[in-house]
Amino acid sequence: MREESTESEEKAMQELLEGAYDLHVHTGPDVSPRKLDDLDMAERIQKLGMKGFGIKSHYFCTGERARIVKKVYPDLNPIGALSLNHTVGGINPVAVEMAARVGAKIIWMPTFDAANEMAYMFSRTSYDELPPWAKVQFELSQQGKMQAGITILENGNLKQSVLEIIDIAKKNDLILSTGHLGKEEIYALVTAAKQQGLRKVVVTHPTFSSVNLSKQEQKELAELGAYMEQCFGVITPHYGIDWDGLYEAIRFVGPEHCILSSDLGQTNNPYPDEGLLTFVTNLHNNGFSKEEIKTMTIHNTTFLAEG
């Protein structure tokens, strides 16, 4: 298996990102230090010929930030987002409505405040390396400021507020992403979204350690209409999967049901565009055709961002 890329290979692979979106980027300014800010990211992807990127904060709506980026880089399509953690009231339909009104397009279900994530995180006895959000969570815990984990289920059924959010997402053509929910919650959300006619549903990094969906589970969810968001930032055994496992999962699920995102912006990781270049190069060097890769980087992300 080949994982390294030379400079010439990188140049040859850039066409696989021309017109693409990276729908999961941790740029600044944010609560945690970031490797680059929104404007840095815009400048970098414009040079690659990419169309846009989704600005993810675990804490606040980024719709306003996206509008500022658009003013400076009018040829790009920066995308605002909202993560339904305690900082915005959790499963809060009003917050989703306001995010849509300010132009945000991506709604993430709870991430670090998800009951599933908190149960996983606080059950661990040791960590090789904490993600930035986990460091903040442990600090809050030590200060006695933690709140209960958020679940979207009540007595095994989706809460009414979740159904309201699906309806808001449908009316505003938003992308609804599963965040760090657990398996039962993800299946319930994807099923309800299909029943309510929501077109754009994304399972957030399905191989991430606290989510840990098997390739069979990913395929089942894809058959319900959801896209599997395969993220470069979690391709490590520490976070749940290695390269060979990822190649196998994408093959099994099908590129037509996947998107590629970086999930980068952390200070100790590559720049998001660098991560994506490595991502597409490794896929191409390990049996994926250019058309299959473009399906994941360009076609599917463009549908989600624009369709």
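Just so it is clear, the values below take in all heavy atoms, side chains as well, and ignore hydrogens, waters and symmetry mates.
Following chains of ILVMFWY side-chain contacts shorter than 4.5 Å, one cannot reach Ile79 starting from Leu260, and the two form parts of different hydrophobic clusters. Two different hydrophobic clusters hold Leu23 and Tyr73 under the rule that ILVMFWY side chains link at heavy-atom gaps under 4.5 Å. Residues Val102 and Ile107 fall into different hydrophobic clusters, defined by Ile, Leu, Val, Met, Phe, Trp and Tyr side chains chained together at heavy-atom separations under 4.5 Å. Cluster membership for Val201 and Val96, using ILVMFWY side-chain heavy atoms within less than 4.5 angstrom, is shared.
Within the 3.5 Å criterion, the main-chain N or O of Leu181 finds no donor-acceptor partner in the side chain of Thr178. Remark: side-chain polar atoms of Asp30 are not paired, donor with acceptor, to backbone N or O of Ser57 under 3.5 angstrom. In this structure a side-chain-to-backbone donor-acceptor pair under 3.5 Å is missing from Asn285 to Asn282. The backbone N or O of Ala114 sits nowhere less than 3.5 Å from a side-chain atom of Glu117 that would complete a donor-acceptor pair.
Closest of all the heavy-atom pairs between Leu36 and Pro272 is CD2-CD, 3.8 Å. The minimum heavy-atom distance linking Leu17 with Leu48 is given by the pair CD1-CD1, 4.3 Å. Nearest heavy atoms, Tyr271 versus Leu264: O-CD1, 3.8 Å. Closest approach of Gly179 and Thr204 over heavy atoms only: N-OG1, 2.9 Å. When all heavy atoms of Met109 and Leu176 are compared, the pair lying nearest together is CE-CD1, 3.9 Å. In terms of heavy atoms, Asp113 sits closest to Met118 at O-SD, 3.8 Å.
Aromatic ring pairs are classed by plane angle as parallel below 30°, tilted from 30° to 60° and perpendicular above 60°; the pair Phe208 and His180 is tilted. Ring geometry for Phe279 versus Phe232: interplanar angle of 30 to 60°, hence tilted.
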The test is side chain to side chain contact (heavy atoms under 4.5 Å, CB included); show your working for Met296 and Leu283 and say whether it passes. CA-CA 11 Å; Met296 296 184 281; Leu283 288 170; 4.1 Å; yes
Start with the C-alpha distance between Ser83 and Asn85, add both sets of side-chain angles, then the distance that settles side chain to side chain contact (heavy atoms under 4.5 Å, CB included), and finish with yes or no. CA-CA 6 Å; Ser83 296; Asn85 292 313; 3.8 Å; yes
Stepwise side chain to side chain contact (heavy atoms under 4.5 Å, CB included) check, Thr207 with Val234: CA-CA 7 Å; Thr207 64; Val234 303; 3.7 Å; yes
What's the verdict on side chain to side chain contact (heavy atoms under 4.5 Å, CB included) for Leu84 and Ile165, showing C-alpha distance, side-chain angles and the deciding distance? CA-CA 11 Å; Leu84 297 178; Ile165 287 170; 3.7 Å; yes
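Distance CG/Leu246 to CD1/Ile235: 4.5 Å, rounded to 0.5 Å. Here Ile150 contributes atom CD1 and Asn116 contributes atom CG; the two are 12.5 Å apart, rounded to the nearest 0.5 Å.
Residues Thr267 and Ser32 have side chains not in contact (no heavy-atom distance under 4.5 Å, counting atoms from C-beta outward). For the pair Gln266 and Lys35, the minimum side-chain heavy-atom distance is 4.5 Å or more. Taking 4.5 Å as the limit, every side-chain heavy atom of Ile45 sits out of range of all side-chain heavy atoms of Leu276. Using a 4.5 Å cut-off on side-chain heavy atoms (C-beta onward), Ile106 and Ser177 make contact. Put simply, the side chain of Ile250 reaches to within 4.5 Å of the side chain of Phe288, judged on heavy atoms. With contacts defined as side-chain heavy-atom distances shorter than 4.5 Å, the pair Arg199/Asp173 qualifies. At least one side-chain heavy atom of Lys56 sits under 4.5 Å from a side-chain heavy atom of Thr111. Put simply, the side chain of Leu174 reaches to within 4.5 Å of the side chain of Lys105, judged on heavy atoms.
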Side-chain donor-acceptor distances from residues 184-198 under 3.5 Å, at least two apart:
from, atom 1, to, atom 2, distance (Å)
Glu185, OE1, Gly182, N, 2.8
Glu185, OE2, Thr151, OG1, 2.8
Glu185, OE2, Ile152, N, 3.1
Tyr187, OH, Glu220, OE1, 2.5
Thr191, OG1, Tyr187, O, 2.7
Gln196, NE2, Leu163, O, 3.4

Give the table of side-chain donor-acceptor pairs shorter than 3.5 Å for residues 298-307, with sequence neighbours excluded, one pair per line with atom names and distance.
from, atom 1, to, atom 2, distance (Å)
Asn300, ND2, Pro255, O, 3.3
Asn300, ND2, Glu256, O, 3.3
Asn300, ND2, Cys258, O, 2.8
Asn300, ND2, Thr295, O, 3.3
Thr301, OG1, Tyr21, N, 3.4
Thr301, OG1, Thr297, O, 2.6
Thr301, OG1, Ile298, O, 3.2
Thr302, OG1, Ile298, O, 2.6
Glu306, OE2, Tyr21, OH, 2.5
Glu306, OE2, Lys51, NZ, 3.4

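A search for salt bridge (charged side-chain N to carboxylate O under 4.0 Å, His left out) contacts involving Lys159 returns nothing, not counting sequence neighbours. For Gln218, the side chain to side chain donor-acceptor pair (under 3.5 Å) criterion is met by Gln230, not counting sequence neighbours. Lys294 pairs by the salt bridge (charged side-chain N to carboxylate O under 4.0 Å, His left out) definition with Glu15, not counting sequence neighbours. For Asn157, the side chain to side chain contact (heavy atoms under 4.5 Å, CB included) criterion is met by no residue, not counting sequence neighbours. For Asp167, the side chain to side chain donor-acceptor pair (under 3.5 Å) criterion is met by Lys171, not counting sequence neighbours. Remark: Glu248 engages Lys215 in a salt bridge (charged side-chain N to carboxylate O under 4.0 Å, His left out) (not counting sequence neighbours).
Judged as a ring-ring contact (aromatic ring centres under 6.0 Å, His included), the pairs with a partner in residues 76-110 (not counting sequence neighbours) are, in order, His24-Trp108. Pairs passing the side-chain hydrogen bond (donor to acceptor under 3.5 Å, both in side chains) check and including a residue from residues 87-98, sequence neighbours excluded, read Glu97-Arg101. Every pair passing salt bridge (Lys or Arg N to Asp or Glu O under 4.0 Å) that includes a residue from residues 64-88 is listed here, sequence neighbours excluded: Asp38-Arg65. A salt bridge (Lys or Arg N to Asp or Glu O under 4.0 Å) check over residues 269-287, counting only residues at least two apart or in different chains, returns the pairs Arg44-Asp273, Arg44-Glu274.
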